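A short write-up of the structure that comes next.
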Amino acid sequence: MRKAIIVWGGWQGHEPEACASIVGELLREDGFSVEITRDLDIFGSPVIANADLLVPIITGEQLEKVHANALVMAVRDGLGLGGHHGALATSFKESAPFRYVSGVTWVSHPGNIIDFRVNVSRQNDPLMQGIPDFDYHSEQYYLHYDPSVEILATTTFTGEYDEAARNVVMPVVFKRHFGAGRVFYSALGHVAAEFDHPYMRLILRRGLAWAARR
């Protein structure tokens with residue numbers, strides 16, 4: 001049985017504990033054994049390297065350099081890393097090693113909670129198969145991302161809330177390889193209620209399963 005570890009914490013506006021519980025149930029339904037913890041020291045534990053998937057549902061917080069380097073090495077060796085919305089994109093923003101392995105950093109969400117369109121750019125990818133373009137109501141994330149990512153879905157900024165972003169096409173869902181490990185990210189899911197959106201939920205479920213160690 002594959003082992004997943006979910007670590008939650010940081011800013012409570014992203015409802016990390018509730019989201020961790022929902023993600024845990026999704027993973028259990030896919031046959032994972034799941035450990036859920038708020039102990040950030042686990043990043044420096046050998047337990048991480050021996051797991052198959054790590055899901056940090058954390059906004060902000062600090063990550064010690066030695067722990068960050070251990071995480072990078074674990075992903076290089078095959079640990080899967082996955083997250084949604086603030087997870088990965090807003091986790092440990094001062095940690096360069098974490099930014100390197102996650103491949104994504106949040107920088108803005110013009111207009112805050114708005115309606116926007118998600119466009120599936122790789123319909124033939126197994127993670128997106130059967131999922132059409134769809135409308136979504138949440139924060140439309142403006143991201144800085146690694147050029148190595150494989151973009152699966154995008155959104156286009158209209159410029160209504162920030163002229164500087166007009167017509168910018170931004171990744172919403174991506175996957176990447178990092179050594180022997182896999183990384184998956186979806187920008188959807190600001191709060192727990194968004195898991196009620198069937199495409200948001202399905203994309204994350206498929207993506208986390210894909211990222212897990214083979």
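Along the sequence shown, residues carry numbers from 1. When reading the values below, keep in mind they use all heavy atoms of this one structure, side chains included, and skip hydrogens, waters and symmetry mates. As the structure is a computational prediction, the values presented were derived from the model and not from experiment.
Between E139 and W106 there is no side-chain heavy-atom pair separated by less than 4.5 Å. Put simply, the side chain of L152 does not reach to within 4.5 Å of the side chain of I203, judged on heavy atoms. Counting only heavy atoms from C-beta outward, the side chains of R76 and F178 approach each other to under 4.5 Å. Contact of the L81 side chain with the P56 side chain is registered, since non-hydrogen atoms from C-beta on lie closer than 4.5 Å. With a 4.5 Å cut-off on side-chain heavy atoms, F184 and L204 count as touching. Using a 4.5 Å heavy-atom threshold, the side chains of H84 and E194 count as separate. At least one side-chain heavy atom of L71 sits less than 4.5 Å from a side-chain heavy atom of L79.
The closest donor-acceptor contact from the side chain of R214 to the backbone of A212 lies under 3.5 Å. Using a distance-only test at 3.5 Å, with no hydrogens or angles considered, no donor-acceptor pair links the side chain of R182 to the main chain of H177. Not a single donor-acceptor pair under 3.5 Å links the side chain of Q140 to the backbone N or O of F116. In this structure, R99 contributes its side chain and V104 its backbone to a donor-acceptor pair below 3.5 Å. Formation of a donor-acceptor pair under 3.5 Å by the E150 side chain with backbone atoms of K175 is not found in this model. R176 contributes no side-chain N or O that, together with a main-chain N or O of V149, makes up a donor-acceptor pair within less than 3.5 Å. Under a 3.5 Å cut-off, the side chain of T59 and the backbone N or O of T90 do not form any donor-acceptor pair. Remark: side-chain polar atoms of T156 are not paired, donor with acceptor, to backbone N or O of V168 under 3.5 angstrom. Side-chain N or O atoms of N119 include none that pairs as donor or acceptor with a backbone N or O of D133 at under 3.5 Å. In this structure a side-chain-to-backbone donor-acceptor pair under 3.5 Å is missing from K3 to E35.
Under the 4.5 Å side-chain heavy-atom criterion for ILVMFWY residues, no single connected hydrophobic cluster contains both L26 and V183. In the hydrophobic clustering of this structure, V101 does not group with I57; members are Ile, Leu, Val, Met, Phe, Trp, Tyr whose side-chain heavy atoms approach within less than 4.5 Å, directly or through other members. Under the 4.5 Å side-chain heavy-atom criterion for grouping Ile, Leu, Val, Met, Phe, Trp and Tyr, W210 is not connected to Y185 through any hydrophobic cluster. V55 is not connected to V72 by any chain of hydrophobic side-chain contacts under 4.5 Å among Ile, Leu, Val, Met, Phe, Trp and Tyr, and they are in different clusters.
When all heavy atoms of P171 and I151 are compared, the closest pair comes out as CG-CD1, 3.7 Å. Of all heavy-atom pairs spanning M128 and A153, the tightest one is CE-CB, 4.1 Å.
Using a 30° and 60° split on the angle between ring planes, H14 and H85 fall in the perpendicular class, above 60°. Aromatic ring orientation, H197 versus Y199: tilted (interplanar angle from 30° to 60°).
By the 6.0 Å contact criterion, CD on E94 is open, its count of non-hydrogen atoms from other residues, nucleotides or ligands being 12 or less. Applying the 6.0 Å contact sphere to CG of N124 captures no more than 12 heavy atoms from other residues, nucleotides or ligands. In this structure, Y100 places its OH atom where only 12 or fewer heavy-atom neighbours from other residues, nucleotides or ligands lie under 6.0 Å away.
A centroid separation of less than 6.0 Å is found between the aromatic rings of F43 and F92.
Atom NE2 of H190 sits about 7.5 Å away from atom CD of E15, to the nearest 0.5 Å. With rounding to the nearest 0.5 angstrom, the CD atom of Q62 is 13.0 Å from the NE2 atom of H67. Atoms CG and CD, on L202 and Q129 in that order, are 10.5 Å from each other to the nearest 0.5 Å. We find the CD1-CZ distance between I58 and R38 to be 10.5 Å, quoted to the nearest 0.5 Å.
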- Can H137 and I113 be said to form a side chain to side chain contact (heavy atoms under 4.5 Å, CB included), step by step? CA-CA 7 Å; H137 183 74; I113 304 293; 3.3 Å; yes

- Task: Please report the C-alpha distance between F174 and Y145 in whole Å, then the side-chain angles of each, then the deciding distance to 0.1 Å, and finally whether the ring-ring contact (aromatic ring centres under 6.0 Å, His included) criterion is met.
- Result: CA-CA 10 Å; F174 72 70; Y145 58 95; 7.2 Å; no

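When each of L53, L27, L54 is paired with I6, the side chain to side chain contact (heavy atoms under 4.5 Å, CB included) condition holds for L27 and for no other.
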